[in-house]
Amino acid sequence: MLESLWGNPDGLTAPEVVDLLADRHLALTTVHTVLDRLRAKDMVVRERDGRVFRHRATRDREEMTADAMLAVLADSADHTLALSMFVRSVSPADAEAIRKALGGRRV
């Protein structure tokens with residue numbers, strides 16, 4: 001569902017989400033429930049648009065990915081070891097991206 005919202009930054013109504021995910025045969029009530037749960041987790045906001053609510057993701061996919069990575073890292077018994085193992089396992093291109101994100105400092 002977030003995938004649909006990320007692809008539509010102006011937001012979607014629940015019926016529009018149902019239409020976009022027609023291949024999944026979701027009931028409108030199911031979509032409403034999932035959107036409400038995502039809203040409770042501050043992952044989605046809703047704004048009134050006439051007689052319906054328009055839903056938007058609060059963060060983009062990359063921000064949510066970074067949050068998930070940080071949560072897993074924080075859950076590690078040895079934060080430094082887990083981080084070191086991760087950094088050693090990335091591709092050369094990802095290692096370069098990490099260097100750039102750190103402002104050119106050696107990793």
Side-chain angles (χ1 to χ4, degrees):
M1 202 156 305
L2 282 171
E3 188 79 35
S4 299
L5 296 177
W6 287 326
N8 293 277
D10 292 333
L12 294 170
T13 64
E16 289 171 335
V17 173
V18 169
D19 289 344
L20 282 174
L21 301 176
D23 60 320
R24 297 188 189 177
H25 307 288
L26 298 172
L28 183 58
T29 54
T30 301
V31 171
H32 276 291
T33 298
V34 172
L35 289 170
D36 284 342
R37 289 180 180 169
L38 291 172
R39 195 167 58 91
K41 294 178 181 182
D42 295 323
M43 297 171 83
V44 167
V45 293
R46 73 177 188 189
E47 300 160 345
R48 186 164 290 282
D49 185 9
R51 297 178 57 177
V52 296
F53 286 105
R54 189 160 292 282
H55 300 81
R56 285 183 302 103
T58 57
R59 293 170 294 186
D60 61 30
R61 177 194 328 254
E62 290 73 20
E63 290 172 307
M64 287 192 175
T65 300
D67 289 346
M69 292 169 67
L70 288 169
V72 170
L73 186 59
D75 194 39
S76 171
D78 187 336
H79 183 93
T80 302
L81 179 60
L83 187 58
S84 295
M85 292 178 79
F86 171 76
V87 171
R88 284 192 305 252
S89 69
V90 300
S91 70
D94 288 342
E96 183 59 28
I98 292 169
R99 276 189 208 89
K100 285 181 182 178
L102 291 171
R105 292 182 282 178
R106 294 292 296 165
V107 180

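Annotation: F86, atom CZ; neighbour count of heavy atoms from other residues, nucleotides and ligands within 6.0 Å does not exceed 12.
E96 places no side-chain N or O within donor-acceptor distance of the main-chain N or O of A93, the cut-off being under 3.5 Å.
By the 4.5 Å heavy-atom criterion applied to side chains, L73 and H79 are counted as neighbours. At a threshold of 4.5 Å between non-hydrogen side-chain atoms, the residues L26 and V17 do not count as touching. In this structure, L2 and M43 have side chains that are in contact, with non-hydrogen atoms separated by less than 4.5 Å. Looking at M64 and W6, their side chains come closer than 4.5 Å, going by heavy atoms from C-beta outward.
In terms of heavy-atom proximity, R54 sits nearest to D49 at NE-OD2, 2.8 Å. Closest heavy-atom contact between V90 and A95: CG2-N, 3.7 Å. For the residue pair G11 and R56, the shortest heavy atom distance occurs at CA-CG, 3.4 Å. Nearest heavy atoms, P15 versus L28: N-CD1, 3.8 Å.
With hydrophobic clusters built from ILVMFWY side chains whose heavy atoms lie under 4.5 angstrom apart, M69 shares a cluster with I98. In the hydrophobic clustering of this structure, F53 does not group with L35; members are Ile, Leu, Val, Met, Phe, Trp, Tyr whose side-chain heavy atoms approach within less than 4.5 Å, directly or through other members.
To the nearest 0.5 angstrom, D10 atom CG is 10.0 Å from E47 atom CD. The CG atom of L83 sits 10.0 Å away from the CZ atom of R88 when rounded to the nearest 0.5 Å. Taking OG1 from T13 and CZ from R51, the interatomic distance works out to 13.5 Å, rounded to the nearest 0.5 Å. Rounding to the nearest 0.5 Å places CG of D36 at 11.0 Å from OG1 of T29. Once rounded to the nearest 0.5 Å, the distance linking CG of D23 with NE2 of H25 reads 7.0 Å.
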TODO: With side chain to side chain contact (heavy atoms under 4.5 Å, CB included) as the test, would you mind laying out the steps for N8 and L20 before giving the verdict?
DONE: CA-CA 11 Å; N8 293 277; L20 282 174; 3.7 Å; yes
- [ ] Go through the steps to decide whether L12 and H55 satisfy the test side chain to side chain contact (heavy atoms under 4.5 Å, CB included), and finish with yes or no.
- [x] CA-CA 5 Å; L12 294 170; H55 300 81; 5.7 Å; no
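Ion pairing between D42 and R59 fails under the 4.0 Å rule for side-chain N and carboxylate O.
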